[in-house]
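Report on one structure; see the data block that follows.
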Protein chains: 2
Amino acid sequence: MAQLDDQFQDDPVQVEDTVLGTLIGYRLKRAYMQIQPQAQRVLAGENLRVVSFSCLSIIADNPGIVQSELAAVLQMERSNLVVIIDELEQRGLIGRERVPTDRRRYALTATLRGRRLRDSVAEKVRQAEDAVIGRLNPQDRAHLLAVLERLDAGAPQTTT
Amino acid sequence: MAQLDDQFQDDPVQVEDTVLGTLIGYRLKRAYMQIQPQAQRVLAGENLRVVSFSCLSIIADNPGIVQSELAAVLQMERSNLVVIIDELEQRGLIGRERVPTDRRRYALTATLRGRRLRDSVAEKVRQAEDAVIGRLNPQDRAHLLAVLERLDAGAPQTTT
DNA sequence: TATTGTTATACTCTATAACTATA
DNA sequence: TATAGTTATAGAGTATAACAATA
């Protein structure tokens with residue numbers, strides 16, 4: 001409540017910060033705290049959680065991916081994937097069929113509805129993000145994405 | 001387990017990603033997921049959680065701050081602050097005394113031990129972060145901090 | 001009547017262990 | 001023997017509601 005409604009009404013509560021704000025981890029967390037509720041609100045409007053949307057999006061981009069691969073990509077536990085996949089399938093957003101050559105695995109594919117929902121929701125999420133990050137000019141935004149991707153992947157190249 | 005030990009041993013599982021990776025929120029979350037476990041590991045060595053360290057650090061920088069102000073600064077609930085403050089006090093890292101002019105409030109101050117622990121732990125956390133973000137050159141690192149701070153504060157200025 | 005600190009509790013997200021069926 | 005999917009459960013972290021003391 002305080003975060004969603006009052007963040008621009010509360011007294012800004014200005015304080016000293018000589019250490020915490022110089023740590024990348026803290027800054028990443030804070031930035032995520034500002035953006036995440038906006039994305040979550042948009043996704044909730046489509047009965048999606050952040051993690052369900054992430055799954056749907058990766059499945060849409062990788063037809064035939066199996067659950068353990070998906071879990072590895074999203075760095076989450078296979079066990080926590082089960083209910084999410086179940087719901088996406090029940091809603092007709094994805095399909096799954098046994099892999100003939102290895103009957104332990106299920107090949108996941110997004111349906112047409114799933115792909116369309118993914119695309120339309122992604123656009124709404126992007127707009128919601130822009131309401132927060134719109135303060136960044138395009139160069140800063142592109143640079144930020146590139147740097148964050150590098151932190152994630154651990155690639156040792158340099159930008160520009 | 002998979003995230004801590006196997007992330008550099010597992011097959012990288014290369015997949016397509018046309019949408020998810022272009023969203024700032026997702027990129028922030030991913031970057032935080034790489035750095036946070038490292039910070040957490042260091043803090044655990046001092047019997048601190050991320051949130052306890054955050055409290056200690058803000059208190060150290062703002063002697064006399066009260067709990068509701070601290071909660072507002074860290075964007076967390078007052079109620080969740082109680083056990084954290086209790087423990088910090090029991091460990092002799094902070095002290096609290098009633099504010100004479102408003103006996104509902106407790107003024108929080110870091111002890112010498114608390115300030116010293118804050119400083120030494122901060123240095124270890126920074127080193128742990130560097131093990132992940134060391135891939136960034138100093139310019140990229142400074143730019144990242146500045147952009148993230150702007151996302152957090154909502155300041156409409158431009159860098160450089 | 002409103003606010004501070006507090007307690008108790010619920011809810012979400014993630015992690016762990018164990019099972020089955022297949023390999 | 002190992003792996004994919006599954007189930008159940010435990011543990012964090014966070015949010016909500018209500019209370020006593022004080023303003």
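Each chain gets a letter, A, B and so on, in the order its sequence line appears, and its residues count up from 1. No experiment lies behind these values; they were computed from the predicted model shown.
Applying the side-chain hydrogen bond (donor to acceptor under 3.5 Å, both in side chains) test to every pair with at least one member in residues 59-71 of chain B, sequence neighbours left out, gives these pairs: A:T18-B:D61, B:D61-B:R118, B:Q67-B:R96.
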Verdict with supporting geometry, A:L48 and A:L88, side chain to side chain contact (heavy atoms under 4.5 Å, CB included): CA-CA 9 Å; A:L48 285 172; A:L88 290 177; 4.2 Å; yes

message: Could you go through B:E129 and A:L23, starting from their C-alpha distance and side-chain angles, then the distance that decides it, and tell me whether this counts as side chain to side chain contact (heavy atoms under 4.5 Å, CB included)?
response: CA-CA 8 Å; B:E129 287 190 343; A:L23 296 174; 3.7 Å; yes

message: Show, in sequence, the C-alpha distance, side-chain angles and deciding distance for A:I85 and A:I59, and conclude whether the side chain to side chain contact (heavy atoms under 4.5 Å, CB included) test is met.
response: CA-CA 10 Å; A:I85 297 298; A:I59 294 169; 4.0 Å; yes

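Across the protein-nucleic acid pair, B:L81 atom CG and D:dG13 atom C1' stand 14 Å apart, rounded to whole Å. Atom CD1 in A:I84 sits about 13 Å away from atom P in C:dT12, given to the nearest Å. Atom-to-atom, CE of B:M76 to P of C:dG5 comes out at 13 Å; the value is rounded to the nearest Å. Atom CZ in B:R105 sits about 18 Å away from atom P in C:dA2, given to the nearest Å. Counting to the nearest Å, the P atom of D:dG13 and the OH atom of A:Y32 are 16 Å from each other. Between the CD atom of B:Q75 and the P atom of D:dA15 there is a distance of 10 Å, rounded to whole Å. Between A:E77 atom CD and D:dT9 atom C1' the separation is 14 Å, expressed in whole Å. Separating the CG atom of B:L70 from the P atom of C:dG5 is a distance of 10 Å, rounded to the nearest angstrom.
Linking Ile, Leu, Val, Met, Phe, Trp and Tyr whenever their side-chain heavy atoms come within less than 4.5 Å puts B:L117 and B:I94 in one cluster. B:L43 and B:L74 fall within the same hydrophobic cluster, defined by Ile, Leu, Val, Met, Phe, Trp and Tyr side-chain heavy atoms under 4.5 Å apart, directly or through other members.
Put simply, A:S68 has a side-chain N or O that comes within less than 4.0 Å of OP1 or OP2 on D:dG5. A sub-4.0 Å separation between OP1 or OP2 of D:dT6 and a side-chain N or O of A:Q67 is present.
Nearest heavy atom pair, residue A:L145 against residue B:G21, reads CD2-O, 4.0 Å. The shortest heavy-atom contact between A:A128 and A:Q38 is CB-O, 4.1 Å.
Of the candidates D:dG5, D:dT14, C:dT4, the closest approach to any side-chain atom of A:R96 belongs to D:dG5.
In the hydrophobic clustering, where aliphatic and aromatic side chains (Ile, Leu, Val, Met, Phe, Trp, Tyr) are joined below 4.5 Å either directly or transitively, B:V99 groups with B:V66.
In this structure, B:D152 CG and A:Y26 OH are separated by 6.5 Å, a value rounded to the nearest 0.5 Å.
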- line: Letter by letter from the 5' end, nucleotides 18-23 of chain D scores (B base, S sugar-phosphate only, - none; protein heavy atoms under 4.0 Å) ---BBS

Could you write out each protein N or O paired with an N or O of nucleotides 8-11 of chain C at a distance under 3.5 Å?
none

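Using a 4.0 Å cutoff on non-hydrogen atoms, no part of residues 43-51 of chain B comes near DNA chain C.
Partners of B:Q139 under the side chain to side chain donor-acceptor pair (under 3.5 Å) rule, at least two apart in sequence or in another chain, do not exist in this structure.
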